[in-house]
Amino acid sequence: MIATVASQQIRSLKRQRVVWILIGTLLVMTLLAGVIGWSSHRTIIGVYDEAVKILTSKGRPAPANPFLVKPSLSLLSNMVIYITLIGALLALLLGHLTIADDQSGGVGRLIFTRAVTRTSYAIGKVVSVCVVLAAALVGCWAVSVMSLWVVNGGPASGRELERVAVFYAVSWLYLLIFSLVGMITVLATRRRSIGLLSAMGVWLVVTFVVPQFTSGLRPTASLNPIIDPVSTSQTFFRVTSRARPVSIVEQYKQVSGRVLETASAETTRQTIERLAPLATLVIVLVVLLIVMVRRHDFSGTADDE
């Protein structure tokens, strides 16, 4: 029954224009990251070529080409921010639609008249979201690979393809968290609109408030794909920095930076430790969703006001 619920939900989502807009937005974000990387590449190379001409005319040695020492995947750094901010919001809306449409359409009152357990229903919904997110990110992977080809002047190496795939796999895990939040807030509230606003409130806290406490970052510093070390000049942040391992935004950025080689090198064990909070939170949210579905009253419909 899990597969039946999941396939039905995927078919339902495919018929909704807003879902295609969400996927299209992710692809446009990825393309935009490539365009920005290509434009920056051309600008820097142009400046470098002019500098070489001037220095050569004066008999001075030219500096090394900046792109020879810059990580080849660095043009995807903007995607770390796009996923953190816009991608998470899109994932929230996807999860919200998965449950809210059943609530407002009255499907929730009918589905359990069939041989469908509430646990199967909840897991089926999670599987459908996993599949849709994975499909969207596979498209993003393809766009990123093409962008690398254009910017670097040739196809990406096997190692680069693997690292880009790992980056989007980590992004999938990160976005899944917010989709689960979107599903849970629908069950926790009586109005559909309040559920969506509550989910956005969680996004604001996770994306901006928690990093500000754990790393002493200003809200605008959250737009930096690499987290700077916390300042130990203030006692408050020396204390709150101990909670940094539970900040999923910071862990996601650090893992992404390590995968794209734009952050300081870490051991495989350290990377796994950074992924642990994300994986743990997914498990906790899935369990919470199952519990809430089991206890939820599906006899009524959600208020759309």
Side-chain angles (χ1 to χ4, degrees), residues 13 18-19 22 25-26 29 80-104 122-123 125-126 128-130 132-133 136-137 170-215 217-225 227 240 243-256 274-293 295-296 302-305:
L13 291 173
V18 65
V19 175
L22 297 181
T25 302
L26 278 174
M29 285 164 40
V80 178
I81 295 303
Y82 296 160
I83 293 291
T84 303
L85 300 179
I86 305 174
L89 280 174
L90 299 178
L92 278 176
L93 184 54
L94 178 63
H96 173 84
L97 291 173
T98 302
I99 300 294
D101 283 350
D102 283 1
Q103 291 276 77
S104 59
I123 297 177
K125 294 292 186 179
V126 174
S128 67
V129 169
C130 290
V132 173
L133 286 176
L137 292 177
V170 174
S171 299
W172 173 84
L173 183 64
Y174 178 80
L175 294 180
L176 181 57
I177 292 173
F178 289 93
S179 288
L180 291 169
V181 169
M183 299 165 73
I184 289 171
T185 51
V186 174
L187 297 172
T189 55
R190 302 190 64 177
R191 293 187 177 183
R192 181 169 179 167
S193 57
I194 297 300
L196 184 57
L197 288 174
S198 299
M200 293 180 65
V202 173
W203 171 80
L204 286 171
V205 171
V206 171
T207 305
F208 294 101
V209 177
V210 174
Q212 188 173 7
F213 275 96
T214 58
S215 293
L217 294 174
R218 297 179 181 274
T220 53
S222 299
L223 301 178
N224 191 332
I227 297 295
T240 58
R244 184 186 295 180
V246 301
S247 175
I248 62 172
V249 171
E250 295 178 80
Q251 302 310 318
Y252 167 73
K253 289 181 179 179
Q254 289 286 5
V255 172
S256 298
R274 292 189 183 279
L275 283 173
L278 279 72
T280 301
L281 186 54
V282 166
I283 295 173
V284 170
L285 291 175
V286 169
V287 172
L288 179 59
L289 177 66
I290 293 173
V291 171
M292 294 185 70
V293 167
R295 297 181 177 181
H296 189 70
D303 189 350
D304 289 333
E305 294 182 0

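- Heavy-atom minimum distance, T84 versus W203: O-NE1, 3.6 Å.
- Within the 4.5 Å cutoff, no side-chain heavy atoms of T189 are placed close to those of L197.
- L94 CG to L133 CG: the interatomic distance, rounded to the nearest 0.5 Å, is 5.5 Å.
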Checking L175 against L90 for the side-chain contact (heavy atoms from CB on, under 4.5 Å) test, could you report, in this order, the C-alpha distance in whole Å, the side-chain angles of both residues, the deciding distance, and whether it holds?
CA-CA 9 Å; L175 294 180; L90 299 178; over 6 Å; no
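- Judged as a side chain to side chain donor-acceptor pair (under 3.5 Å), and not counting sequence neighbours, W172 has no contacts.
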Candidate pair Y82 and L26, rule side-chain contact (heavy atoms from CB on, under 4.5 Å), full reasoning
CA-CA 9 Å; Y82 296 160; L26 278 174; over 6 Å; no
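- By the side chain to side chain donor-acceptor pair (under 3.5 Å) test, S171 pairs with Y252, sequence neighbours left out.
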Anything under 3.5 Å between a donor and an acceptor, one on a side chain of residues 276-283, the other on a protein residue two or more places apart or in another chain? List them.
{"residue": "T280", "atom": "OG1", "partner": "A276", "partner atom": "O", "Å": "2.7"}

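- Among all heavy-atom pairs drawn from S256 and V80, the shortest one is CB-CG2, 3.8 Å.
- Between S128 and K125, the closest heavy-atom pair is OG-O, 2.6 Å.
- Sparse packing is recorded around CE of M200, with 12 or fewer heavy atoms of other residues, nucleotides or ligands lying under 6.0 Å away.
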Please evaluate residues I177 and L173 with respect to the criterion side-chain contact (heavy atoms from CB on, under 4.5 Å), reporting the C-alpha separation (whole Å), side-chain torsions for both, the decisive distance (0.1 Å), and the verdict.
CA-CA 7 Å; I177 292 173; L173 183 64; 5.6 Å; no
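- I248 has its side chain out of reach of V210: every pair of non-hydrogen atoms, C-beta onward, lies at least 4.5 Å apart.
- Interatomic distance, L93 CG to T98 OG1, rounded to the nearest 0.5 Å: 9.0 Å.
- Here the closest non-hydrogen pair linking I184 and M292 is CG2-SD, 3.4 Å.
- Residues A88 and Y174 come closest through the heavy atom pair CB-CE2, 4.3 Å.
- With rounding to the nearest 0.5 Å, the separation of CG in L288 from CG in L187 is 9.0 Å.
- When the side chain to side chain contact (heavy atoms under 4.5 Å, CB included) test is applied to V202, the partners found at least two apart in sequence or on another chain are V181, V206.
- Within the 4.5 Å cutoff, the side chain of F208 has no heavy atoms near those of the V249 side chain.
- Looking at residues two or more places apart in sequence or on another chain, you find a side chain to side chain contact (heavy atoms under 4.5 Å, CB included) between I123 and I2, T119, V127, I290.
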Assess whether side-chain contact (heavy atoms from CB on, under 4.5 Å) is satisfied between H96 and R192, documenting all intermediate values.
CA-CA 9 Å; H96 173 84; R192 181 169 179 167; 3.5 Å; yes
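- Minimum interatomic distance between L92 and A199 (heavy atoms only, all atoms of both residues): CD1-O, 3.5 Å.
- Each of L180, L176, V126 was compared with L285 under the side chain to side chain contact (heavy atoms under 4.5 Å, CB included) criterion, and only L180 meets it.
- Put simply, the side chain of T185 never gets that close to the backbone of L196: no donor and acceptor are under 3.5 Å apart.
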